[in-house]
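Accompanying notes for the structure given below.
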Amino acid sequence: ALRLSYLHAGGHDPAILDQLLYLQVEATVLEKGTTVLHGGKRMAPLAVPAEPPGTGAQGLDAALLALELENQRLEDELLALKVRRERRAHAGSQVAQQQAEELAQLQAEVGMLRCRAEQTGRLPPTIIPPPVAPLLPP
């Protein structure tokens with residue numbers, strides 16, 4: 001629940017995700033009282049006795065649990081990546097939309113100025129370029 005809450009809030013720091021996964025594995029180990037595999041290494045549980053001999057099924061259950069937890073961590077990481085990609089795409093589309101709106105507004109202003117110039121028969125004074133001296137004959 002903590003990891004999902006962290007991801008939904010926009011968290012994506014791999015170190016924190018690893019810590020949350022480790023805490024989840026540790027809690028599961030404490031609940032089950034077994035050792036589990038994590039990242040290809042055996043982790044001894046903290047303050048939990050080692051498995052008694054002849055409990056191979058429990059060891060397999062613990063290994064399966066570790067694989068499921070790693071799978072969940074990877075799925076959470078994929079979700080975080082998808083969320084970040086969607087946020088970037090959304091931000092990019094917002095910028096493009098804003099630029100399109102600005103362009104439309106400028107085009108409308110240019111259209112209004114042209115219409116006004118056609119009605120009056122001359123351009124507004126602010127648009128008329130400064131006078132240029134006549135060209136000298138060759």
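Basis for what follows: all heavy atoms, side chains included, without hydrogens, waters or symmetry-related copies.
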**Message:** With a 4.5 Å cut-off on side-chain heavy atoms, are Glu75 and Asn71 touching?
**Reply:** yes
**Request:** Determine whether more than 12 heavy atoms belonging to other residues, nucleotides or ligands lie under 6.0 Å from atom CZ of Arg114.
**Result:** no
When rounded to the nearest 0.5 angstrom, what is the spacing between [atom1] in [X] and [atom2] in [Y]?
X      : Y      : atom1 : atom2 : answer
Gln72  : Leu65  : CD    : CG    : 11.5 Å
Leu78  : Leu7   : CG    : CG    : 11.0 Å
Gln105 : Glu101 : CD    : CD    : 9.0 Å
Gln24  : Glu68  : CD    : CD    : 10.5 Å
Leu69  : Leu74  : CG    : CG    : 11.0 Å
Glu102 : Gln97  : CD    : CD    : 11.5 Å

**Request:** Run through Arg87, Gln94, Arg88 and flag the one making a side chain to side chain contact (heavy atoms under 4.5 Å, CB included) with His90.
**Result:** Gln94
**Asked** So does Arg73 pair up with Glu77, basic N to acidic O under 4.0 Å?
**Response** yes
**Request:** Decide yes or no on side chain to side chain contact (heavy atoms under 4.5 Å, CB included) for Glu109 and Leu106, but give the supporting numbers first.
**Result:** CA-CA 5 Å; Glu109 289 177 18; Leu106 288 172; 4.2 Å; yes
**Asked** Step by step, would you call Tyr6 with Asp13 a side chain to side chain contact (heavy atoms under 4.5 Å, CB included)?
**Response** CA-CA 10 Å; Tyr6 176 72; Asp13 186 352; 3.3 Å; yes
**Prompt:** Gly11 and Ala80: which non-hydrogen atoms are nearest, and at how many Å?
**Reply:** O-CB, 4.3 Å
